[in-house]
Amino acid sequence: MSYVLEVRDLHLRLGASHIIKGVDLTVGEGEAVALFGRNGVGKSTLMHALMGLVRASAGSFLLSGEDLTGKPIDRIARAGLAIVPQGRRIFPTLTVQETLTLGARKAAGGWTLERVYDLLPRLAERRKQHVGLMSGGEQQMVAIGRALLRNPKLLLLDEPSEGLAPRIVGELGEVMAALRSDGLSILIVEQNLELGVNLADRVLIMDMGRIVHESPVQEFRDDPSIAHRHLGIL
Amino acid sequence: MSDYLFTFVNGLARGLLLFTMAAGLSLLFGVMRVLNLAHGAIVLAGGYVAVTLTARATGMGLIEALPIALVVGALIGTALYFAVKPLLHRDHLDQGLLTLGFAFIFADIAELFWGTQVYSPPPPDFLNRSIELLGGSYPLYRLVVVGVGIVIAVAIFVVFERTRLGAILRAAVSDREMVAAVGFRVPLIMGGVFAGASALAALGGVIGAPIVGVRLGLDTETLILALVVIVIGGLGSLKGALIGALLVGQVQTLGILLLPQASAFLLFGVMAIVLIFKPAGLFGETVK
Ligand SMILES: Nc1ncnc2c1ncn2[C@@H]1O[C@H](COP(=O)(O)OP(=O)(O)OP(=O)(O)O)[C@@H](O)[C@H]1O
Ligand SMILES: [Mg+2]
C-alpha cells in the first residue's frame, strides 16, 4: 500500500512544553485512521503541525511522498491537505456558497459544488445564508464542504462531533461514511469513539504527545481493555 | 434655513471624503490587525500629487491627477507593506511607532518640496462654478464631491459584500489562517489590501484638495479624524466606518455653525459618548 501521509519522528515544543514527543504515523491511500486520546494530549497540535498552523520542532512529514515539513499553510493546502479544524473556524460573514467556493479546486471526478450540495442538502437550501447565523451542526457541514471542495488527498477532521446534538452526530456519521465509500483518505480525531470506530480502518491512541497504541479497528473493537487502559473508559 | 441645508451638504461632503480615507484604515486594521499611522501622510501625498500636476505647466487638471494619485498611493502602500511586514506579529504599539516614523519622514520630505504654504488646486474647469440651490448659491464642486463620494462608498460596499474578492477579504478579517488553509497566499492578500487602502487614501487626497486646502498638518489632522471615525464605527467594520464618517462630517460642520467655541471638543465628546455606551464602537465586535 502506498502512503498518502507519512509522519516521521515529529516533535513539537511550544515554549517550555514538549507537546509532541516523536510521533510516527502513516495513512494509506484511501485509508481512514482514527486518532483517539484524552483531552490535552496533543491531538489537535499534531493536526495543526501537519496543516502548517504551527511549526514542528523536529522530524518530518510527507504528503504523497512530498516533504512538506516547515512549509507555509497555503503551500501545504495546495499540496493536497485540507482540515476541518476543532471548533470549525468558519467564516461568519460569508454565505454558505461563498465559503464553499472560496478555495474550491477542480479535480477530475472530484468534488464539485453540486456534489457537495447533494451530499449536504441542508446547505443547498441555505446557500445564501450567512454561516455565522447557522446552527452548530450546519456550521460543521459547511466546514466539511469547504474542505471537500479543496479536493484534498487527505482530509484532517478534528473532533467534528464536538458540541453537536446526538441526532446531528448521526447525520455526521452518515456523511462521513459517504466520504469513506468515495475513497477519500481520512485522519480523524474524535472523542466520540463510536463515530471514529465506525469510520476507521485503523486506530491510533495518543497520550502525552506519543502514540501509545496502534491496531486495526477490529482489534480495538474486540478488546475493550485497550480503551480502558489508554482512555480511562470502562 | 438654507444655512442649515448648506451646512448639512458640507458635512455630507466632508463625511464622504472622510469615509474614502478611513475605509482603507479600517480594512487594514480588520484584515491585517495593523495600525497604519502613515495613512494620513498618504492622503496628503495624494493632495500634493494634485497640487503638482495642476500647478506646473503640465496642462493637466484634477481629473488627470486621479489615476496618477491612485498609482502613487498603491506604490506607497506596497512599499509600506514590505516595511511593516517584519512587524506584523508584533503588537500595535510597535507597528504604530514604525508607521508614525514614516509619517514624520514623509512630512519632512514634503516640506522640502512644497514648503509650508496652503495650496488649493482648482476644481476641473467645468465644475468650477456655483449653482442655484434652494434660493442660495452653492459651489458645484462640493455637490460633485458628494456624488463621487456616494459612488465610491457604494463601490466599496459592492466589492466587499458582493464579489469574490470581497469574500476573500471578509474571510481574512475573521480568520487568516483558515484563508491560507484553503490555499490562498495571505501575504499577497495583505500586500494588496495595503496597496488598495493607500490608493483610496490618495484618491481622497485628490478629490478633497480643492476643498480642504493641501498643507503640512493635513496628514495628522486627517489621521486623527480617520481614527476617530473607525473608533466610533468599530475597528475593522466598513459599515461602522461609513456611519462614523458621516457622523463626524456633520458634527464638524454643524459644530462650527452652532457652537464655534466648542467645535473641537464636540468631536471627541461624541466619540466619548459612543464609547461609553458601545465600548467596541457602533458596529465593532469585541476584540479577542
Ligand atoms: N499555544 C500553546 N502554548 C502552550 N501550550 C499549548 C498551546 N496550545 C496548546 N497547548 C498545550 O498543548 C497540549 C496539547 O493541546 P491540544 O490542543 O493539542 O490537545 P488535544 O489532544 O487536541 O485536546 P482536546 O481533546 O481537548 O482537543 C495541552 O496541554 C495544551 O495546554
Ligand atoms: Mg483538540
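In what follows, every chain begins at residue 1, and chains take the letters A, B, ... in the order their sequences are listed.
Panel note: side chain B/R164, backbone A/T101; a donor-acceptor pair is recorded below 3.5 Å. At least one donor-acceptor pair under 3.5 Å links the side chain of A/H18 to the backbone N or O of A/I20.
Crowding of A/R150 atom CZ: a count of heavy atoms from other residues, nucleotides or ligands under 6.0 Å exceeding 12. Taking a 6.0 Å sphere around NZ of A/K21, one finds it holds more than 12 heavy atoms contributed by other residues, nucleotides or ligands.
Contacts of A/F36 classified as ring-ring contact (aromatic ring centres under 6.0 Å, His included), with partners at least two apart in sequence or in another chain: A/F220.
Interatomic distance, A/K71 NZ to A/R55 CZ, rounded to the nearest 0.5 Å: 9.5 Å.
Below 4.5 Å, heavy atoms of chain A meet heavy atoms from B/A180, B/A181, B/V182, B/G183, B/F184, B/R185, all part of residues 180-194 of chain B.
Contacts between B/V179 and chain A at a heavy-atom distance below 4.5 Å involve backbone atoms as well as side-chain atoms. Residue contact with chain B, scored on non-hydrogen atoms closer than 4.5 Å, involves the backbone and the side chain of A/R89 alike. Neither the backbone nor the side chain of A/P152 comes within less than 4.5 Å of any heavy atom in chain B.
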Margin query: Using the rule given for side-chain contact (heavy atoms from CB on, under 4.5 Å), can you reason through A/E159 versus A/K43, listing the C-alpha separation, both sets of side-chain angles and the distance that settles it, and then say yes or no?
Written below: CA-CA 10 Å; A/E159 301 204 22; A/K43 307 179 299 296; 3.9 Å; yes
